[in-house]
Amino acid sequence: WNRVGVPTAQYSWTVRGPGTVSFTTGPDGDNSGTGKYMMVEASIGAIGTTAELYSPIIDVSSLVRPELSFYFHTNVNVNDTLHVDVQDSSGTWNNSVVKIGRFQTAQSAPYEQAKIDLSPYGDTLQVRFRSVKATFNGDIAIDDVAIDNAPLCPEPGFVTLNSVTSTSAVIGFNSSGTVFDYEIGPTGFTQGTGTNGSGGNPLSIGGLMPNTTYDVYIRNDCSANSAGTSIWVGPLTFTTACVPLVAPYTENFDGNTWVSSSNFNGLGDTIDNCWNRVGEPTAQYSWTVRGPGTVSFTTGPSGDRNGTGKYMMVEASIGGIGTTAELYTPIVDVSALVRPELEFYFHTNVNTTDTLFVDVQDSSGTWNNSVLTVTQLQNAQTDPYEKATVDLNPYGDTVQVRFRSTKATFNGDIAIDDVSFDDAPLCPEPTLFNLTGVTSSSVFFGFNSSNTTFNFEVGPTGFTQGTG
């Protein structure tokens with residue numbers, strides 16, 4: 001074997017294992033869990049440099065169905081890519097015969113197998129595993145490389161969840177076959193006790209239950225060619241979507257479906273399945289589950305609204321300036337409400353350029369962006385949360401809300417808590433109450449309200465209401 005890029009100072013392929021020396025990227029070991037593997041070490045070298053790993057030159061003339069197979073682990077950022085190149089018998093390099101981007105999302109996720117048909121490349125060939133450094137979190141790994149005869153009925157590869165609804169799922173994969181068998185059941189089920197079916201590629205599976213986690217196994221059915229069936233591949237684990245929730249609906253993030261993380265990058269947190277987010281913790285600007293307490297030093301709140309529970313916070317110490325974090329509520333049916341209103345509490349102890357945007361998707365599926373914007377309001381971690389409301393009446397019977405922020409600084413830890421969809425009070429109180437000006441004998445306040453007349457009571461700090 002040979003490599004371009006030498007360890008110690010260059011972006012390079014290195015021998016690793018058992019175990020790992022990385023914290024959040026790459027795998028936690030080899031494919032078997034006990035041996036060694038090859039990994040691109042992305043913490044070394046400059047962005048744009050290339051690491052290459054060359055196999056020996058292999059004579060495949062004795063093989064009937066020559067095939068390259070290997071296992072890979074790409075727990076990396078979305079723009080990190082493994083390229084597999086093949087040099088044919090004429091000495092010509094065929095680049096990017098296979099390209100693999102981010103596939104795994106955790107160090108503990110299992111390796112996946114990839115295969116390449118080598119029959120187009122002649123009797124002697126060489127393989128190159130290549131990556132161009134895009135980020136510092138791109139520790140790509142490979143293991144168990146083999147060149148051998150492909151099975152008569154090859155199993156599907158690159159099995160992924162293409163889409164999922166509350167009652168169905170579409171599974172995609174790589175295969176030259178036409179008919180595929182599947183077995184599906186609640187996660188952890190024993191094969192032989194699940195529900196069986198068959199279909200094409202992609203594979204559509206219906207009759208599922210909402211908000212339920214399933215395991216599915218897939219195999220290639222080559223019986224039409226008298227080649228039997230492939231081995232089973234799986235399980236692929238997924239969870240079906242939630243049906244629209246019926247208002248009134250409240251979420252305080254304190255339930256067991258919300259698992260907080262004490263790591264500064266949010267590693268290990270879990271959000272409720274009926275919610276969704278764009279931007280994953282560990283390496284991206286993202287919404288993370290926090291609390292009790294805080295892991296931030298000066299920005300963000302000191303805890304949740306009540307001081308003892310959990311809350312959602314944008315972790316601004318991770319990710320690049322200009323990246324966006326999005327948090328989606330479930331779809332909510334508000335048709336039973338007379339005065340439908342979104343209410344939530346926020347904490348924006350941030351820089352003046354950091355902003356929380358609230359978007360609403362209406363019943364037609366159209367997103368109405370920035371129906372509310374919230375900038376810096378608090379000035380200390382210990383300042384209390386403030387309440388914000390959005391009138392949902394213009395948006396129809398089923399709505400979804402998105403909490404969105406684009407990273408402006410590294411001190412923009414925006415937090416929300418106690419989100420609810422309910423009827424607005426007949427006489428709603430003012431919100432976003434803030435001081436706008438002060439002189440030696442007067443003071444000016446601003447707030448949000450659709451009303452026109454307001455009462456106030458003022459007195460020395462600490463006075464009892466009714467005496468001011």
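From a predicted model like this one, the values you see are computed outputs, not experimental measurements.
- Minimum heavy-atom separation, K407 to Y285: N-CE2, 3.3 Å.
- The closest donor-acceptor contact from the side chain of T436 to the backbone of F444 lies under 3.5 Å.
- Summarising the geometry of V132 relative to G48, their closest heavy-atom pair is CG1-O, 3.5 Å, with the distance given to 0.1 Å.
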As a quick check of understanding, evaluate side chain to side chain contact (heavy atoms under 4.5 Å, CB included) for D304 and F253, giving each step before the final call.
CA-CA 9 Å; D304 82 328; F253 309 114; over 6 Å; no
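- Under the rule for a salt bridge (Lys or Arg N to Asp or Glu O under 4.0 Å), the partners of K115 that lie at least two apart in sequence or sit in another chain are E67, E155.
- A distance of 6.0 Å or more separates the ring centres of W367 and F357.
- Remark: the backbone N or O of N351 is not paired with any side-chain donor or acceptor of Q376 at under 3.5 angstrom.
- Side chain of E457 to backbone of T467: a donor-acceptor contact under 3.5 angstrom is found.
- Taking SG of C274 as the start and CG of N211 as the end, the distance is 4.5 Å to the nearest 0.5 Å.
- Side-chain contact annotation: T324 with T406, donor-acceptor N/O pair under 3.5 Å present.
- Atoms CG and OH, from L377 and Y385 in turn, are 13.0 Å apart once rounded to the nearest 0.5 Å.
- When only modelled atom types and interatomic distance are considered, Y328 and R402 share a side-chain donor-acceptor pair under 3.5 Å.
- You'll find the side chain of V401 reaches within 4.5 Å of the side chain of F421, heavy atoms only.
- A donor-acceptor contact shorter than 3.5 Å links the side chain of K133 to the backbone of I44.
- Looking at S296 and D413, their side chains do bring a donor and an acceptor atom within 3.5 Å of each other.
- Taking 4.5 Å as the limit, some side-chain heavy atom of L236 sits within range of a side-chain heavy atom of I171.
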Working for side chain to side chain contact (heavy atoms under 4.5 Å, CB included), residues W232 and D181:
CA-CA 9 Å; W232 288 100; D181 303 323; 4.1 Å; yes
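- Of all the heavy atoms in N220 and P156, the pair that sits closest is N-CD, 3.8 Å.
- Judged purely by atom type and a 3.5 angstrom limit, N451 has no side-chain atom pairing as donor or acceptor with the backbone of P428.
- Here Q378 contributes atom CD and I414 contributes atom CD1; the two are 10.5 Å apart, rounded to the nearest 0.5 Å.
- The two atoms that bring V159 and F103 nearest to each other are O-CZ, 3.6 Å, heavy atoms only.
- Residues F238 and I184 have side chains in contact (heavy-atom distance under 4.5 Å, counting atoms from C-beta outward).
- A salt bridge does not link D269 with K310: every distance from a Lys NZ or Arg NE/NH1/NH2 to an Asp or Glu carboxylate oxygen is 4.0 Å or more.
- With hydrogens and angles disregarded, a donor-acceptor distance shorter than 3.5 Å links the side chain of T165 to the backbone of S168.
- When V360, D422, D397, L337 are each tested for a side-chain contact (heavy atoms from CB on, under 4.5 Å) with L392, only one passes: V360.
- For the 3.5 Å distance criterion, the side chains of W258 and E251 qualify, holding a donor opposite an acceptor.
- Checked against the 6.0 Å centroid threshold, F344 and F403 count as a close aromatic pair.
- Between P27 and Y37 the shortest heavy-atom distance is CG-CE1, 3.8 Å.
- In F297, the CZ atom is not crowded: 12 or fewer heavy atoms of neighbouring residues, nucleotides or ligands sit closer than 6.0 Å.
- Among the candidates L82, N95, L53, the single residue satisfying the side-chain contact (heavy atoms from CB on, under 4.5 Å) test with R130 is N95.
- By the 4.5 Å heavy-atom criterion applied to side chains, I416 and L327 are counted as neighbours.
- Residues F173 and F180 place their aromatic rings such that the two centres sit under 6.0 Å apart.
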Applying side chain to side chain contact (heavy atoms under 4.5 Å, CB included), run through N252 and N306 and close with a yes or a no.
CA-CA 10 Å; N252 63 7; N306 297 314; over 6 Å; no
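- In this view, Y249 satisfies the ring-ring contact (aromatic ring centres under 6.0 Å, His included) rule with no residue, not counting sequence neighbours.
- Without hydrogens or angle criteria, E326 side chain to V278 main chain gives no donor-acceptor distance under 3.5 Å.
- Between T250 and E343, every side-chain heavy-atom pair lies at or beyond the 4.5 Å cut-off.
- Judged purely by atom type and a 3.5 angstrom limit, T167 has no side-chain atom pairing as donor or acceptor with the backbone of M209.
- The one candidate from T135, N137, T25, T74 that meets the side chain to side chain donor-acceptor pair (under 3.5 Å) condition with D80 is T135.
- Under the salt bridge (Lys or Arg N to Asp or Glu O under 4.0 Å) criterion, D418 pairs with R305, sequence neighbours left out.
- Side chains of D333 and S335: a donor on one and an acceptor on the other come within 3.5 Å.
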Could you walk me through whether F129 and F70 pass ring pair (Phe, Tyr, Trp, His ring centres under 6.0 Å), step by step?
CA-CA 11 Å; F129 298 95; F70 64 96; 5.2 Å; yes
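- Under 3.5 Å, the side chains of S370 and T373 contain no donor-acceptor pair of N or O atoms.
- Among the candidates T237, T187, T239, the single residue satisfying the side chain to side chain donor-acceptor pair (under 3.5 Å) test with T213 is T239.
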Could you go through the side chain to side chain contact (heavy atoms under 4.5 Å, CB included) check for L372 and N448 one step at a time?
CA-CA 11 Å; L372 179 68; N448 277 14; 4.1 Å; yes
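- Counting heavy atoms from C-beta outward, I271 and V289 have side chains that approach closer than 4.5 Å.
- With rounding to the nearest 0.5 angstrom, the CG atom of N368 is 8.5 Å from the CG atom of D359.
- Side-chain atoms of T240 come within 3.5 Å of backbone atoms of T212 as a donor-acceptor pair (strictly under, hydrogens ignored).
- Closest of all the heavy-atom pairs between V259 and G268 is CG1-O, 4.1 Å.
- The line from CE of M312 to CH2 of W275 is 8.0 Å long, rounded to the nearest 0.5 Å.
- Looking at heavy atoms from C-beta onward, P235 lies out of side-chain contact with Q191 at the 4.5 angstrom threshold.
- Looking at L342 and V399, their side chains never come closer than 4.5 Å, going by heavy atoms from C-beta outward.
- Between the side chains of S364 and T366, at least one donor N or O lies within less than 3.5 Å of an accepting N or O.
- A donor-acceptor pair is defined here as one N or O able to donate and one able to accept, closer than 3.5 Å; no such pair exists between the side chain of N77 and the backbone of N79.
- The structure places CD of E41 at 5.0 Å from CZ of R16, a figure rounded to the nearest 0.5 Å.
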